[in-house]
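Residue numbers start from 1 in every chain, and the chains themselves are labelled A, B, ... in the order their sequence lines are given, proteins ahead of strands.
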Number of protein chains: 2
Amino acid sequence: MNVVNESPRRKELTRIAAQLFVQEGFDRTTVRMLAREMGIKSGSLFHHFDDKQEILCAVIEEGTHNALTLAQAALATCGESAEARLHAMARAHLETLLTDRNAHVVALYEWRRLDEGARQHLGHLRDAYEALWQEVIGDALEAGLIRGDRFLISRFVLGALNWTVRWYDPEGPRSPEDLAHELIAMLTPQGRA
Amino acid sequence: MNVVNESPRRKELTRIAAQLFVQEGFDRTTVRMLAREMGIKSGSLFHHFDDKQEILCAVIEEGTHNALTLAQAALATCGESAEARLHAMARAHLETLLTDRNAHVVALYEWRRLDEGARQHLGHLRDAYEALWQEVIGDALEAGLIRGDRFLISRFVLGALNWTVRWYDPEGPRSPEDLAHELIAMLTPQGRA
DNA sequence: AATTTACACTAGCGCTTGCTTGGTTATGAT
DNA sequence: ATCATAACCAAGCAAGCGCTAGTGTAAATT
């Protein structure tokens, strides 16, 4: 029923659920585990969410929504050159992958556990985000910054970025900014010192 | 106990399990579903495998082993130029992602359901495969074909390739060969008609 | 003062889970 | 004929699962 996370309590519960879903996976995370981590009893959980599925949906929605917002904000302040916009999108993606890591890992790995309704609802959100990418990459193609097929490149780039959740270490020497720079350098033919 | 799939029967069971694991996910796939699909009763399943985990391990091992074999074969027959070797690796990766699709999807999505022992055993296999990539990409860097950091590029490229299981349609107009070509074109600064 | 709302509790129902046990059948070697 | 082995089955156990029903209580609303 509650599609959006209105109450701060529910938002907090969603955050905790995200962490558990990452640690254990959705199916192995029991309502009793969730409740214990939340400091309540398992029955009380169903006051906040209709069922277990809705918790998963809330987690993914939160992450995807934030990613979209951050990307739009980044595009609004990065300047107008195709390269700057490309870089802004990549950096925003990597940063949201860091700050909302749990939610995004859940979105990537547990998407298939969503039921049909939730999958459709969240699908639209995700499509809106990917449309942003295709727009920016389309601009970069027109500007002659990169070459190739718009959809193919979008998918290759998103694949490379999403894969970072597997190996990226936030404690390591490389910043998201740094990573974004290297990725763009890999894509653009122009030589660089 | 049986780490390798010796008997043809076990190999067939592994194939069936892979399909179910993709359709339903590992946790949601019950031993009863597996048995039914295999044409036996659930109890009989434990004659072939020690426990459910071992089935998962067998599926992933099969896929990773095939990928490694195919990549080595491709490198052995592709010529010696850095570009040819890069292309051969990419094509081999995409082709094994197609022919052993189920096993690879399971490896990508259900890796975390492996216990410590299996994760270590299969980790070595995967490392061997990724080492091949790093070697080929190292060669391409030395040849001046591409620029950047060897490990970073390997991971970006593997991410882009693995992501294809999300969107690639084998019935569509693009062949694995075609996709490999486009990927390499995206990476290499040299202009092309 | 009376009522509603929000949030939590206890207790447990009905069902499914992975896996075990103990025994049967078919095949093929000795 | 005897034995060994692989492959299977029927039956079911102990544990855990998502979720519900009914209740208590403090704060907010009327």
>> Counting only side-chain nitrogens and oxygens, does B/Arg10 get under 4.0 Å of the OP1 or OP2 atom of D/dA7?
In response: no
>> Both A/Phe26 and B/Gly39 contact DNA chain D. Taking the nearest nucleotide for each, which residue is further toward the 5' end?
In response: B/Gly39
> If every non-hydrogen atom of A/Arg32 is compared with every non-hydrogen atom of A/Ser42, which pair is closest and at what distance?
Replying inline: CG-CB, 3.9 Å
> In whole angstroms, how far is the C1' atom of C/dT17 from the CG atom of A/Asp27?
Replying inline: 13 Å
> Counting only side-chain N and O atoms of B/Lys52, is one of them less than 4.0 Å from OP1 or OP2 of C/dG18?
Replying inline: yes
>> Applying ring pair (Phe, Tyr, Trp, His ring centres under 6.0 Å) to A/Tyr129 and A/His65, what does each step give before you reach the verdict?
In response: CA-CA 9 Å; A/Tyr129 179 73; A/His65 177 76; over 10 Å; no
> Hey, does the Lys NZ or Arg CZ of A/Arg150 hover above the aromatic six-ring of A/Trp133, less than 6.0 Å from the centre and inside 45° of the axis?
Replying inline: no
> OP1, OP2 of C/dC9 versus side-chain N and O of A/Ser44: anything below 4.0 Å?
Replying inline: yes
>> Tell me which one of A/Leu56, A/Asp27, A/Ile60 satisfies side chain to side chain contact (heavy atoms under 4.5 Å, CB included) with A/Phe21.
In response: A/Leu56
> What is the distance, rounded to the nearest whole Å, between atom CZ of A/Arg28 and atom C1' of D/dG18?
Replying inline: 17 Å
> Between atom CD in B/Glu24 and atom P in C/dT17, what is the gap in whole Å?
Replying inline: 11 Å
> Less than 3.5 Å between a donor and an acceptor, one on the side chain of A/Arg32 and one on the base of D/dG16, is that the case here?
Replying inline: no
>> OP1 or OP2 of C/dA6 versus the side-chain N and O atoms of A/His47: is any pair under 4.0 Å?
In response: no
> Out of C/dG18, C/dA8, D/dC19, which nucleotide sits closest to the side chain of A/His48?
Replying inline: C/dA8
> Please give, in whole Å, the distance from D/dA6 P to B/Phe49 CZ?
Replying inline: 15 Å
>> Tell me the interatomic distance from A/Arg36, atom CZ, to C/dA8, atom P, rounded to whole angstroms.
In response: 17 Å
>> Taking the minimum atom-to-atom distance to the side chain of A/Lys41, which one of D/dC19, C/dT10, D/dA7 wins?
In response: C/dT10
> Looking at the side chain of B/Thr30, which of D/dC19, C/dT17, D/dC8 is the nearest nucleotide?
Replying inline: C/dT17
> Just how far, in rounded Å, is P of C/dC9 from CZ of A/Phe46?
Replying inline: 14 Å
> What is the distance from CG of A/Asp51 to C1' of D/dT20, rounded to the nearest Å?
Replying inline: 13 Å
>> Can you measure A/Leu45 atom CG to D/dT20 atom P for me and round it to whole angstrom units?
In response: 12 Å
> Is the closest side-chain heavy-atom distance between A/Leu125 and A/Leu68 below 4.5 Å?
Replying inline: yes
